[in-house]
Amino acid sequence: MSTNPKTLALSPDTKVLGADIIVDAFLRHAVKQVFIFPGGKIGPILDVVEKRTDIEIVCPRTEQGAGYAAIGYAKVTGKPCVFMVTSGPGVTNAVTPVADAYYDNVPMIVITGQVGVGDMRGTIPVKQRGFQEVDTVDLMRPIAKAAFLVKDIRDLDAVMEKAFFLATSGRQGPVVIDMPMNVQRETVAAGDIVAAETHREQRPVVPQDKIAELAQWIGQAERPVILAGGGVIAAHAYDELRVLADAHGIPVAMSMPGMGAYPAHKPLSLGLCGYAGSQYANLALYHADLIIGVGTTFHVRQTGSLPKDMAERAKVARIDLDENELAHSRVPLHLEIHADAKAALHALNETLRQPGTPSSGQTAAWQKTITEWKAKHPVSIGAEASLPKPQHVIEIVDRALQTGPLIVTTGVGQHQVWVPRHFHFSLPERQLLTSSGHGTMGFDVPTAIGAKIANPDATVVCFVGDGSLQMNIQELATIAERKLDIKIVVLDNHALNIVAQFQRQNWKSHPSTGDKYNPDFARIAEAYGIPAVKVDSTTGMESKISEAVRRKGPVLIHCDIDPKEDLLPMLLGGHKLNDMSNEWSF
């Protein structure tokens, strides 16, 4: 039974528990799961969740595991997730997933336990008064949309409501609420609770004059390119994007968080662009006469280290929900459109249909040039070797899983780039989840857990390097415990090889990054109770991998891959997009 004064007529004298106010906010916002790592300082909230609700408590093996599982859940559902940790080390262990959610715009409500208000050091010049006390708000403020410390139970309902609004409005992100123990355990008269404000999001009005100008530019362009980012996916604007590209013959390049915004198998797809994208995607951007950036930051990994030279002969138009991104664009802009991606693309498509708008049927020669670049510059794979090539492993998994919804997660390293290069993504059927802004190793397995919980009917595949896997390998226990049907493909080159490659290219050596001793990951998986397959030869590789990823239930496939396989081509620092390196660093 709800104790919230807005959802139940309570006598002003009725006593309401702080933990009940928190959980009522969960119920109002239709929270189905909370992702937690337990501790005393969130005990009162967990007690109420367990005894009063049907909310599922998901408890991975570490705070980071819980945080990344929450991110996977939120990315798949598009709804805010709840991530709860205790005070002290619980908070500090949660910093990395909170930062990941912030930089990748993931809606998250982060509840952190805190010592009682009377035990907090406040302004006293000592390090700590209460056991496991840390200054959570100061730690989290730079990596969250907002961070609140609730010292007065009367303010709690209003803060909870504001947190859900901020997490889900505009450019989404995590909101942290630090909950002192006494506030959770206190009671307050219902009549004394500060009423929560009604928050309504004000979306920017699509500037029709700028949309009309962009429509004119499209009509005049001979070499247009769309650069689609994560904002297209966040706004569910992929249908509008595809209408624009297909109707006007505009090739589409994608940033890593934008993968799948345009179907990879279509001729107009340029796939991944930037430092580790394809040569043909980068050549298209460099030689374009019009670039339309949609929901993308023009990050250094997309444009290279010379942003003013990204496209020397192009007009650059940019559609973004964040005014600050437009005002501080790395790449000089000729047209700034402050709008939601879906609304802006819809308006652009409508404008282009109107009589009198110049037709854009001038891209046939441009498409032919790009087709020639694709043939001339296929994505590189090194010389054949006795050990499997990682690209071939990824392509085998791609071919083996052609039906039904599919979610792919990755860690961070060379495999994070090989996956978007060699796996076909197309939303909403085939989705990529990866740590793009923060670039965190260990994102992989726990995010797959959250994705599977969010969409039990989807096939979930986790591609992970040997280094990234060992950041959160303990979450194999969570998969086994919950019997989650997740396929884990370990690409093991016994190295932290993306760093090793960088060091070899610049300094001709790679101290501490290569020739790593690794255990037999297949045997470790079996120790956790997960069936496993070992692949250490190209002989029979395709049938072995295909059979493993099609079987029911969790499975780990440990692939010993060629340790001398570099990530190529690669855009090096100080080089333009038309000058990618194909030189092997070994």
Side-chain angles (χ1 to χ4, degrees), residues 71 75 99-106 142-143 171-173 225-235 237 241 252-262 270-279 281-286 288 291-312 314 316-334 336-338 341 410-414 416-417 419-421 425 432-441 443 498-499 502 567 569-580:
I71 287 174
K75 284 193 172 190
D100 220 298
Y102 180 66
Y103 292 119
D104 279 359
N105 312 310
V106 179
I143 52 168
R171 194 169 186 174
Q172 298 180 331
V225 175
I226 295 169
L227 174 50
V232 175
I233 295 171
L241 177 78
V252 182
M254 286 159 275
S255 67
M256 192 171 291
M259 290 303 299
Y262 189 83
L270 296 169
L272 182 67
C273 68
Y275 92 104
S278 64
Q279 282 182 280
N282 287 353
L283 285 169
L285 286 166
Y286 181 77
I291 294 175
I292 306 167
V294 187
T296 183
T297 61
F298 288 104
H299 191 278
V300 64
R301 287 200 157 197
Q302 300 159 27
T303 67
S305 60
L306 303 172
K308 293 182 180 178
D309 299 322
M310 172 189 173
E312 297 174 337
V316 181
R318 182 172 172 183
I319 298 168
D320 205 289
L321 186 62
D322 190 333
E323 276 189 299
N324 290 325
E325 287 286 350
L326 293 170
H328 302 281
S329 178
R330 292 181 65 254
V331 172
L333 303 176
H334 301 88
E336 302 171 10
I337 299 176
H338 177 221
T410 81
V412 171
Q414 288 174 318
Q416 185 189 31
V417 178
V419 168
R421 280 183 173 182
F425 293 100
L432 172 65
L433 306 182
T434 193
S435 174
S436 28
H438 204 40
T440 312
M441 294 174 70
F443 179 90
I498 198 166
V499 180
F502 173 71
L567 179 60
M570 180 177 282
L571 182 64
L572 303 180
H575 292 252
K576 299 179 183 181
L577 284 175
N578 66 332
D579 185 24
M580 296 186 77

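Position 1 is the first residue of the sequence; numbering continues from there.
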Partners meeting side chain to side chain contact (heavy atoms under 4.5 Å, CB included) with [X] (sequence neighbours left out):
X	result
A234	none
T440	Y68, T96, D100, S435, H438
L283	H287, W373, H377, N578
I233	A261, L427

I'd like to know if the side chain of [X] reaches the main chain of [Y], judged simply by a donor and an acceptor atom lying under 3.5 Å from each other, with no hydrogens or angles considered.
X	Y	result
D320	H338	no
K75	T434	yes
H334	A317	no

If I take atom [atom1] from residue [X] and atom [atom2] from residue [Y], how far apart are they, to the nearest 0.5 angstrom?
X	Y	atom1	atom2	answer
M580	Y286	CE	OH	14.5 Å
L306	R330	CG	CZ	9.0 Å
I291	L285	CD1	CG	5.0 Å

Contact check, side chains of [X] and [Y], non-hydrogen atoms, under 4.5 Å:
X	Y	result
L241	M254	no
V300	Y275	no
Q416	I498	no

Taking all atoms of both residues into account, what is the closest heavy-atom pair of [X] and [Y], and its distance?
X	Y	value
V316	F298	CG1-CZ, 3.9 Å
L567	A276	CD2-CB, 4.1 Å
T296	L227	CG2-O, 3.7 Å
S255	L272	C-CD1, 3.8 Å
L270	S278	O-OG, 3.4 Å
L432	P420	CD2-CB, 4.4 Å

Taking only residues two or more places apart in sequence, or in another chain, which ones meet [X] in a side chain to side chain donor-acceptor pair (under 3.5 Å)?
X	result
Q414	N493, N497, Q501
S436	D104
H575	D579
E323	none

Residues in ring pair (Phe, Tyr, Trp, His ring centres under 6.0 Å) with Y262, at least two apart?
none

By the salt bridge (Lys or Arg N to Asp or Glu O under 4.0 Å) test, which pairs, at least two apart or in different chains, include something from residues 291-308?
none

Report the C-alpha separation of Q302 and V331 in whole Å, then their side-chain angles, then the decisive distance to 0.1 Å, and conclude whether the side-chain contact (heavy atoms from CB on, under 4.5 Å) test is met.
CA-CA 11 Å; Q302 300 159 27; V331 172; over 6 Å; no

For E325, salt bridge (Lys or Arg N to Asp or Glu O under 4.0 Å) partners two or more places apart
R171, R318

